[in-house]
Amino acid sequence: MAIKITGTGSYIPSTVEKNENFYNHEFLNADGSSINSTNEVIVEKFKAITGIQERRYIKDDLLNSDIGFFAAEKAIENANIDKETIDYIIVAHNYGDVKHESQQSDTVPSIASRIKHLLKIRNPKCVGYDILFGCPGWLEGVIQAKAFIASGIAKRCLVIGTETLSRVVDKHDRDSMIYSDGAGAVIVERTEEVCGIIAHETATFTYDEAHFIYFGETNHPEITDQRRYIKMYGRKIYEFAITNVPKALKTCLDNSGIDIKDVKKILIHQANEKMDEAIVKRFYELYDMEMPDGIMPMTINMLGNSSVATVPTLYDMILNGKLENQKISKGDIIIFASVGAGMNINAVVYQQ
């Protein structure tokens, strides 16, 4: 018996926000002071560090629950299952449904309940709940689904990662250029095949790290409304991630019994291109190896950082041939990994 992903789906918003669109923004330092650089220089430095050239935003009339529903529909269709047989709908997000130009997040009922409603699932035994776990939320949902199935509590779960970060960014903060919108979903179920989830690892660091990512005020000193925005201490996150994520990856791989030479792909949260490269390089250094070419597929250059959605959308795109020069074949060993607010880290070793 194995527990595997049998269907995938994603929703990539159609609105493309290019780097040039930020040339007219008024970027300010955290203390409200001016930045002694032109926006062209600010944007070019941003691109060099993050790798982001453009990102995707949802249309004004859509909500986070809507795009999660779109991705879920595709995953159910791809798995070729009866939606009424789903035992759990686990939805990872961080900010709920935020309407366009709204100052308030809406999380009751849960996003999972809203998506179940949109899917028109009648079965009351199909339980929906949300998970707030920072960017690693979708992967933690997969780990929870695996636990439900292994224990006999469930046979089939729908796990969704959906986020609309464009609704919670401060346009006066340079970091606002990082964030984007998107949704990815998978069906996880029991199978008789020799494949699926082999090992997992999860950790939460809060002693010094709890507020590396937080909700805070705008950088603009003359704006006095009560609205709050996603904020982060980028340097602290970078140092934390490159120190702790490689160790988690190694622990997970060692527990799986898989040789690192057999790993075909590492699908890591698309947070920052330089940071992700440093994480994977350090992971291979723990085995006295160099990072192989093509081991780490990236979408951040065109999709930005959509938090919980980056890993499932990346996975779905590769499986459907939508990412150039990237392929995952049956039997391949891959590693899923993520890091984010909490600070939380997780990883899964998986055989396709």
Side-chain angles (χ1 to χ4, degrees), residues 29-32 49-50 64 90-98 103-108 110-111 129-144 147 161-170 172-180 200-219 226-252 268-272 274-276 278-279 282-283 304-311 336-348:
N29 291 312
D31 62 1
I49 294 170
T50 65
N64 196 21
I90 306 169
V91 178
H93 66 92
N94 295 292
Y95 301 104
D97 276 350
V98 182
Q103 294 188 15
Q104 185 171 346
S105 172
D106 184 358
T107 57
V108 179
S110 70
I111 303 302
Y129 71 92
D130 295 355
I131 176 171
L132 302 179
F133 201 70
C135 295
W138 172 80
L139 192 53
E140 195 64 20
V142 170
I143 293 169
Q144 291 184 7
T162 184
E163 196 59 271
T164 53
L165 294 178
S166 66
R167 302 278 169 89
V168 293
V169 294
D170 174 12
H172 302 292
D173 188 339
R174 284 169 290 186
D175 289 340
S176 65
M177 293 187 285
I178 294 173
Y179 303 115
S180 64
H200 65 84
E201 176 73 10
T202 302
T204 297
F205 297 77
T206 57
Y207 188 78
D208 292 316
E209 306 86 355
H211 299 290
F212 284 1
I213 300 173
Y214 62 101
F215 237 27
E217 297 178 355
T218 176
N219 287 4
Q226 298 300 306
R227 188 171 180 178
R228 294 296 181 266
Y229 306 87
I230 182 172
K231 298 285 181 174
M232 68 177 181
Y233 296 110
R235 171 51 59 177
K236 290 183 177 181
I237 293 170
Y238 180 90
E239 292 171 352
F240 169 84
I242 65 173
T243 299
N244 293 286
V245 179
K247 296 175 184 177
L249 287 169
K250 186 177 189 301
T251 299
C252 190
I268 191 168
H269 167 51
Q270 308 289 287
N272 174 313
K274 296 292 186 185
M275 186 178 83
D276 288 350
I279 289 170
R282 288 196 176 196
F283 169 57
N305 177 350
S306 56
S307 185
V308 293
T310 68
V311 177
F336 297 105
S338 190
V339 57
M343 292 290 290
N344 298 318
I345 291 173
N346 52 19
V348 166

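Computed from a predicted model, the values in this text were never measured in an experiment. Side chains are part of it too, since the values below use all heavy atoms of this structure and drop only hydrogens, waters and symmetry mates.
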- Item | Inter- and intrachain pairs under salt bridge (charged side-chain N to carboxylate O under 4.0 Å, His left out), touching residues 231-245, at least two apart | Asp170-Lys231, Asp173-Lys231

- Task: Could you list the residues that satisfy side chain to side chain contact (heavy atoms under 4.5 Å, CB included) with Glu209, not counting sequence neighbours?
- Result: Phe205, Tyr207, Phe212, Phe240, Met343

- Task: Could you tell me which non-hydrogen atom of Val245 sits nearest to which non-hydrogen atom of Ile279, and how far apart they are?
- Result: CG1-CG2, 3.5 Å

- Message: I need the minimum non-hydrogen distance between Glu201 and Ala248, along with the two atoms involved.
- Response: CG-O, 3.9 Å

- Message: Looking at every heavy atom in both Arg282 and Ile242, which two are closest together, and how far apart are they?
- Response: CD-O, 3.3 Å

- Taking all heavy atoms of Ser307 and all of Glu163, pick out the closest pair and write down the distance. CB-CG, 4.0 Å

- Task: Would you indicate whether the side-chain heavy atoms of Asn305 and Gln270 approach each other to under 4.5 Å?
- Result: no

- Query: Which pair of heavy atoms, one from Thr310 and one from His269, lies closest together, and at what distance?
  - Reply: OG1-ND1, 2.7 Å

- Item | Which residues share a side chain to side chain donor-acceptor pair (under 3.5 Å) with Tyr233, sequence neighbours left out | none

- Message: Is there a side-chain contact between Thr50 and Met177 in this structure, where contact means two heavy atoms from C-beta onward sitting under 4.5 Å apart?
- Response: no

- Note on the structure: With sequence neighbours left out, the residues meeting ring-ring contact (aromatic ring centres under 6.0 Å, His included) with His172 are His220

- Query: How would you list, by chain and number, every residue that makes a side chain to side chain contact (heavy atoms under 4.5 Å, CB included) with Val168, sequence neighbours excluded?
  - Reply: Tyr95, Val98, Leu165, Phe215, Ile230

- To the nearest 0.5 Å, what is the distance between CZ (Phe336) and SG (Cys252)? 11.0 Å

Determine all donor-acceptor pairs shorter than 3.5 Å in which one atom belongs to a side chain in residues 130-140; sequence neighbours excluded.
| unit_1 | atom_1 | unit_2 | atom_2 | d |
| --- | --- | --- | --- | --- |
| Asp130 | OD1 | Ile111 | N | 3.3 |
| Asp130 | OD1 | Ala112 | N | 2.9 |
| Asp130 | OD2 | His93 | NE2 | 2.8 |
| Asp130 | OD2 | Ile111 | N | 2.9 |
| Glu140 | OE1 | Thr202 | OG1 | 2.9 |
| Glu140 | OE1 | Asn346 | ND2 | 3.1 |

- Taking the side chain as every heavy atom from C-beta outward, state whether Tyr129 and Ile90 have any pair of such atoms under 4.5 Å apart. yes

- So, for Val311 and Ile268, which heavy atoms are closest and what is the spacing to 0.1 Å? CG2-C, 4.0 Å

- Are the side chain of Asn344 and the backbone of Ala341 linked by a donor-acceptor contact shorter than 3.5 Å? yes

